[in-house]
Amino acid sequence: MSKGVVYIVDDDEAIRDALGWLFQSRGVTAQCFASAEDFLSVWSVPCSGCLVLDIRMDGMTGLELFDRLCEMGAKLPVIFLTGHGDVPMAVSALKKGARDFVEKPFNDNDLVDKVIEALAWEAERVASAADAASLAQRLESLTLRERQVMDKVLAGKLNKVIADDLGITMRTVEVHRAHLFEKMGVKTAVELAQILSQRR
């Protein structure tokens, strides 16, 4: 069963092959790249997964690739691999948002566990972003009057009070309320409040 995609960027062919096999053996789809430039040639912001990135490579280094991805708005978790322990380098990478920093030689199972954990985090982040986008789209679909009714519904006002506040009939309030509930995909004011609270 696929648990997500791990992108392995390392200029050492033996390590790439070993890591690719390791992840595949644990059910994680792996894609290998021999250089940062190769990875960038196929990367785009909507892609998700986990990046296992060697620090020192010919051409663009792992840290330079990481900086480039950050500039491009990439959010995927990045786990750095290094054969040369460098605390300031690790601290700098982690401060910029890297998920982990693993020194070679590493324990295979520990690395796979870290990647699987990162992939689960990434899947949750992507789902959360999709939910937020869907909610924003539903809110944008509301008319001005439906938004006015929604605000008063959320304030706990009854239809009669809303009608008086907005200078419209109770029947009109009911129609707007039904439309806004339908557009927002809820059946009650409580459900509406709950999905909007997740937005904050």
Side-chain angles (χ1 to χ4, degrees), residues 1-137 195 198-199:
M1 186 178 81
S2 175
K3 297 172 182 173
V5 179
V6 57
Y7 304 100
I8 300 162
V9 181
D10 198 309
D11 59 356
D12 186 322
E13 184 177 1
I15 290 181
R16 281 198 314 275
D17 290 346
L19 287 176
W21 179 86
L22 174 66
F23 288 117
Q24 297 284 6
S25 72
R26 292 280 299 268
V28 179
T29 301
Q31 293 182 14
C32 298
F33 300 87
S35 70
E37 290 83 356
D38 286 353
F39 180 73
L40 278 176
S41 71
V42 300
W43 173 255
S44 63
V45 172
C47 293
S48 68
C50 176
L51 177 59
V52 173
L53 180 58
D54 188 28
I55 288 278
R56 296 180 192 269
M57 295 185 289
D58 291 336
M60 183 183 288
T61 68
L63 288 172
E64 288 169 343
L65 172 60
F66 181 60
D67 287 343
R68 180 75 66 86
L69 290 171
C70 290
E71 290 168 7
M72 294 167 62
K75 304 286 186 193
L76 80 166
V78 176
I79 296 175
F80 280 107
L81 297 180
T82 181
H84 312 277
D86 186 323
V87 173
M89 188 186 292
V91 170
S92 174
L94 292 171
K95 277 185 175 177
K96 291 178 182 176
R99 185 169 180 87
D100 215 330
F101 203 92
V102 177
E103 286 189 68
K104 300 174 183 174
F106 47 81
N107 178 289
D108 289 354
N109 285 328
D110 286 348
L111 178 62
V112 175
D113 289 346
K114 286 177 188 285
V115 167
I116 289 174
E117 185 179 294
L119 287 171
W121 175 87
E122 171 72 346
E124 190 174 316
R125 183 193 67 76
V126 170
S128 178
D131 287 347
S134 171
L135 179 57
Q137 193 173 33
I195 65 167
Q198 295 167 7
R199 185 166 172 251

Could you give the distance from [atom1] ([X]) to [atom2] ([Y]), rounded to the nearest 0.5 Å?
X	Y	atom1	atom2	result
Asp108	Phe23	CG	CZ	8.5 Å
Thr82	Phe101	OG1	CZ	5.0 Å
Asp38	Tyr7	CG	OH	14.5 Å
Leu69	Cys47	CG	SG	10.5 Å

Can Phe33 and Leu51 be said to form a side-chain contact (heavy atoms from CB on, under 4.5 Å), step by step? CA-CA 11 Å; Phe33 300 87; Leu51 177 59; over 6 Å; no
Residue pairs involving residues 56-74 (criterion salt bridge (Lys or Arg N to Asp or Glu O under 4.0 Å); sequence neighbours excluded): Asp67-Lys96
Show every salt bridge (Lys or Arg N to Asp or Glu O under 4.0 Å) that has at least one partner inside residues 10-21, sequence neighbours left out.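 Counting only pairs at least two positions apart or across chains, the salt bridge (Lys or Arg N to Asp or Glu O under 4.0 Å) contacts touching residues 10-21 are Asp10-Lys104.
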Any carboxylate oxygen within less than 4.0 angstrom of a Lys/Arg side-chain nitrogen, looking at Glu122 and Arg125? yes
Give me the atom names and distance for the closest heavy-atom approach of Pro77 to Ala118. CG-O, 3.7 Å
Where is the tightest heavy-atom contact between Ile55 and Thr61, given as atom of each residue plus distance?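 Closest pair (atom of Ile55, atom of Thr61, distance): O-CB, 3.5 Å.
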Going by heavy atoms in the side chains, are [X] and [Y] under 4.5 Å from each other?
X	Y	result
Leu111	Leu81	yes
Phe80	Leu63	yes
Leu40	Met60	yes
Cys50	Ile79	yes

Just do the side-chain contact (heavy atoms from CB on, under 4.5 Å) check on Ile8 and Gln31 with the steps written out, would you? CA-CA 6 Å; Ile8 300 162; Gln31 293 182 14; over 6 Å; no
Quick one: does any side-chain atom of Asn107 pair with a main-chain N or O of Asp110 as donor and acceptor, under 3.5 Å?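 At least one qualifying donor-acceptor pair exists.
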Is it true that a side-chain atom of Glu37 and a backbone atom of Gly59 form a donor plus acceptor pair closer than 3.5 Å? no
